[in-house]
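Some notes on the structure that comes next.
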Amino acid sequence: MSKPSLPQGTRDFSADVVRKRQYILNTIRNVYESCGFEPLETPAMENLDTLMGKYGEEGDKLIFKILNNGLDNPSKHDQARTDFETILSGKNSKGLTERALRYDLTIPFARYVAMNHGKLTFPFKRYQMQPVWRADRPQRGRYREFWQCDADVVGSTSLLNEVELATIYQQVFEKLGINVSIRINNRKILAALAHTAGGADRLTDITVAIDKLDKIGLEKVKEELISKGLSTEQIQIIEQYLSISGSSSEKLQQAEALLGQDADAQKGLEELRYILSFFSDTVEIDLTLARGLNYYTGTIFEVKALDVQMGSIGGGGRYDDLTGLFGVPGVPGVGISFGVDRIYDVLEELKRMPDHLNAGPTALFFNMGEQESQTAFRILMELRKAGISGELYHEPAKFDKQFKYAERKNIRYAVFIGSQEIESQTAEVKDLQTGIKEKIPFGALAARLAGR
RNA sequence: GAGGGUGUAGCUCAGCUGGUUAGAGCAUCAGAUUGUGGUUCUGAGGGUCGUGGGUUCGAGCCCCAUCAUCCUCCCCA
């Protein structure tokens with residue numbers, strides 16, 4: 001028997017971690033609910049067809065595929081070998097795998113909308129908080145199983161949706177006490193740039209390259225563009241674009257000057273201007289923001305934590321026709337996502353996790369003997385009915401041990417019910433934080449411990 | 001997919017240019033202490049040094065392979 005272990009990039013969550021994660025999830029959920037979003041849950045696995053081709057070439061590789069059942073059936077061995085060859089040649093084979101773990105929550109949502117568009121009331125606002133899986137190489141801030149918290153509005157082209165989603169970012173991170181920069185851009189502007197630079201078909205290459213500007217610098221970006229086969233003139237236009245700086249409104253002006261004659265650029269700039277008019281300085285324009293998922297067509301969002309080195313902790317954008325991929329055209333939408341696991345890491349690193357989260361049950365009843373514990377247990381049951389959490393130590397043991405147990409479980413009150421207490425029908429209650437002892441009649445215990 | 005670091009007790013780690021029987025702190029258990037903890041003291045248990053080869057009189061230490069894990073790039077949350 002080998003030592004038990006976890007699959008790479010996955011984690012167990014102990015009690016204190018679960019409580020902290022719940023705190024983050026609840027904070028996000030409450031804001032979503034307050035904005036009228038409805039919950040949705042979808043299966044951990046989807047048909048492979050549903051997911052393939054939606055996240056770009058890189059994304060396809062990172063989808064966890066599930067091996068079909070029944071391959072051990074000898075009559076299928078020949079077929080399985082043929083299918084395996086097909087996969088090795090870079091194609092997919094339904095014979096070996098036709099299901100996969102979901103890679104994000106947006107595509108499953110689009111699939112859901114496409115399947116149910118006749119029943120839904122539009123605009124349809126849903127939120128979804130579930131784990132997703134990626135066959136990525138784990139590293140800091142990157143896991144193979146992690147949670148996303150998405151909110152999307154479909155069936156509306158109104159930019160008020162973008163505004164609302166940006167305010168959700170603001171609210172959640174304010175509640176969590178994380179300083180963030182919320183940056184927006186518009187894919188239409190990037191499309192216009194690619195078009196103006198004479199490489200409309202190179203949109204992806206161009207956006208991927210310029211997205212790295214603040215990370216690798218202008219020279220390296222140019223190198224990458226050259227290596228992608230762009231001409232000097234093309235790169236010159238892109239360089240002008242990248243040199244745009246200043247406040248958000250200044251950026252808008254300069255971008256207008258550079259790309260203004262392009263209709264797409266006009267539209268994109270207008271949209272950014274509208275969204276920005278709702279915010280003072282908490283939302284800023286970043287013309288180099290690109291984001292990888294290739295279904296975005298309009299506004300794109302990205303949120304990064306200030307004060308800490310971590311990838312983006314939230315992102316999203318507008319897509320014109322996501323359900324079109326599933327045969328239901330004409331359902332535009334926009335959505336955002338929170339990366340819970342990274343938010344957790346940020347909160348821990350900044351030591352901003354509230355300390356009230358790891359409170360244990362309210363009371364530990366000390367076990368002071370077989371006889372006495374029967375009375376103690378009865379009284380404990382009454383407390384529980386009154387909504388007070390507590391437990392009875394599982395066996396008579398030295399006080400030292402029982403105290404330590406209470407301490408480790410962050411239990412606030414020790415309740416002593418021994419022969420003397422039973423005689424007087426009065427429990428002794430010790431506040432383990434202050435050390436103060438108090439005698440409380442059995443009948444008054446629930447009332448005294450309520451709300452503590 | 002490319003590159004680097006690290007694997008020694010339950011946990012965090014020492015372990016000298018290769019040299020007797022591999023250590024510490026914390027944790028666990030027992031006792032000092034049979035009804036009031038967090039301190040202190042005493043004692044105990046616990047290790048095929050990730051795994052498999054090789055070099056050597058001798059390997060935790062050097063070499064090769066392999067597995068695991070962490071980090072960087074790519075990409076992303």
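Just so we're on the same page: letters track the sequence lines, and every chain starts at 1. What you see is a predicted model, and the numbers here were worked out from it, not measured in a lab.
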What's the gap between [N] and [M] when it is taken at their [atom1] atoms, as a whole Å value?
N: B:rU6; M: B:rG23; atom1: P; result: 25 Å
N: B:rG46; M: B:rG25; atom1: C1'; result: 15 Å
N: B:rC74; M: B:rU56; atom1: P; result: 46 Å
N: B:rC75; M: B:rC70; atom1: P; result: 22 Å
N: B:rU42; M: B:rG15; atom1: P; result: 27 Å
N: B:rA65; M: B:rU55; atom1: C1'; result: 15 Å
N: B:rC73; M: B:rA24; atom1: C1'; result: 39 Å
N: B:rU51; M: B:rG60; atom1: P; result: 11 Å

Can you give me the N/O atom pairs linking the protein to nucleotides 3-12 of chain B at distances under 3.5 Å, or say none if there are none?
| unit_1 | atom_1 | unit_2 | atom_2 | d |
| --- | --- | --- | --- | --- |
| B:rG3 | O6 | A:Arg137 | NH2 | 3.1 |

- prompt: Closest heavy-atom contact between A:Thr323 and A:Ala114?
  reply: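 Taking A:Thr323 first and A:Ala114 second, the nearest heavy atoms are CG2-N, 4.1 Å.
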How would you label the contact of [X] with the nucleic acid (heavy atoms, under 4.0 Å): base, sugar-phosphate, or nothing?
X: A:Phe366; result: nothing
X: A:Gly141; result: base
X: A:Lys212; result: sugar-phosphate
X: A:Leu6; result: sugar-phosphate
X: A:Ser312; result: sugar-phosphate
X: A:Leu62; result: nothing
X: A:Phe338; result: nothing
X: A:Glu421; result: base
X: A:Arg140; result: sugar-phosphate
X: A:Glu407; result: base

Electrostatic pair [X]-[Y], nearest N-O below 4.0 angstrom:
X: A:Lys212; Y: A:Glu224; answer: yes
X: A:Arg140; Y: A:Glu349; answer: yes
X: A:Glu162; Y: A:Arg318; answer: yes
X: A:Asp286; Y: A:Arg183; answer: yes
X: A:Glu407; Y: A:Lys404; answer: no
X: A:Glu145; Y: A:Arg11; answer: no

[X] [atom1] - [N] [atom2] separation (whole Å):
X: A:Lys54; N: B:rC76; atom1: NZ; atom2: P; result: 18 Å
X: A:Trp147; N: B:rA77; atom1: CH2; atom2: P; result: 18 Å
X: A:Asp345; N: B:rC71; atom1: CG; atom2: C1'; result: 14 Å
X: A:Asp341; N: B:rA77; atom1: CG; atom2: C1'; result: 8 Å
X: A:Phe146; N: B:rC76; atom1: CZ; atom2: P; result: 12 Å
X: A:Gln309; N: B:rC76; atom1: CD; atom2: P; result: 17 Å
X: A:Ile300; N: B:rC76; atom1: CD1; atom2: P; result: 11 Å
X: A:Met310; N: B:rC75; atom1: CE; atom2: P; result: 19 Å

query: Checking only heavy atoms, does the side chain of A:Lys430 share a donor-acceptor pair with the base of B:rG37 at less than 3.5 Å?
result: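 Check passes, donor-acceptor contact within cut-off.
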field: B:rU69 base / A:Gln8 side chain donor-acceptor hit below 3.5 Å
entry: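 There is none.
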- request: Examine A:Phe399 together with A:Phe366 and report whether their ring centres are nearer than 6.0 Å.
  value: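 A:Phe399 vs A:Phe366: aromatic centres under 6.0 Å.
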message: Taking the ring centre of each residue, are A:Phe173 and A:Phe338 less than 6.0 Å apart?
response: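 Judged by ring-centre distance (under 6.0 Å), A:Phe173 and A:Phe338 do meet the cut-off.
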- request: For A:Asp136 and A:Arg144, indicate whether the former's side chain and the latter's backbone hold a donor-acceptor pair under 3.5 Å.
  value: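 Looks like no, no N/O pair under 3.5 Å.
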Of the options [options], whose atoms approach the side-chain atoms of [X] most closely?
X: A:Phe399; options: B:rG31, B:rC75, B:rU36; value: B:rU36
X: A:Phe403; options: B:rU36, B:rG35, B:rC70; value: B:rU36
X: A:Arg342; options: B:rU36, B:rA77, B:rC75; value: B:rA77
X: A:Lys398; options: B:rG31, B:rC75, B:rG37; value: B:rG31

task: Could you tell me whether A:Arg29 sits above the aromatic face of A:Tyr127, with NZ or CZ closer than 6.0 angstrom to the six-membered ring centre and within 45 degrees of the axis?
output: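 Relative to the ring axis of A:Tyr127, which defines the angle, A:Arg29 lies outside at least one limit.
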message: Looking at A:Phe146, I'd like to know if the NZ or CZ of A:Arg134 sits under 6.0 Å from its six-membered ring centre while staying within 45 degrees of the ring's axis.
response: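 Because its charged atom misses either the 6.0 Å distance or the 45° angle limit, A:Arg134 does not stack over A:Phe146.
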message: Go nucleotide by nucleotide along RNA chain B from the 5' end; which of A:Gly314 and A:Gly9 gets its closest nucleotide reached first?
response: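 This one resolves to A:Gly9.
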field: RNA chain B: 5'-proximal contact among A:Pro138 and A:Lys304 (nearest heavy atom)
entry: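 Looking at RNA chain B, the more 5' nearest nucleotide goes with A:Pro138.
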- request: Give me the one residue out of A:Asp345, A:Asp341, A:Thr10 that meets side chain to side chain donor-acceptor pair (under 3.5 Å) with A:Tyr143.
  value: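 By the side chain to side chain donor-acceptor pair (under 3.5 Å) criterion, A:Tyr143 pairs with just one of A:Asp345, A:Asp341, A:Thr10: A:Asp345.
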task: Could you label the plane-to-plane angle of the A:Tyr103 and A:Tyr55 rings as parallel, tilted or perpendicular, counting under 30° as parallel and over 60° as perpendicular?
output: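 Ring orientation, 0 to 90° scale: tilted.
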- prompt: Phosphate oxygens OP1/OP2 of B:rC70: is one of them under 4.0 Å from a side-chain N or O of A:Gln139?
  reply: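 False: A:Gln139 side-chain N/O out of range (4.0 Å or more) of B:rC70 OP1/OP2.
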- prompt: salt bridge (charged side-chain N to carboxylate O under 4.0 Å, His left out) between A:Glu271 and A:Arg187: does it pass, once the steps are laid out?
  reply: CA-CA 11 Å; A:Glu271 290 178 9; A:Arg187 273 284 168 92; over 6 Å; no
message: Which helical stems does RNA chain B take part in, if a stem means at least 3 consecutive Watson-Crick or G-U pairs with both distances below 3.5 Å?
response: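 Output for stems: B:1-7 with B:67-73, B:10-13 with B:23-26, B:28-32 with B:40-44, B:50-54 with B:62-66.
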All N/O pairs under 3.5 Å across the protein-nucleotides 27-29 of chain B interface:
| unit_1 | atom_1 | unit_2 | atom_2 | d |
| --- | --- | --- | --- | --- |
| B:rU28 | OP1 | A:Arg408 | NH1 | 2.8 |

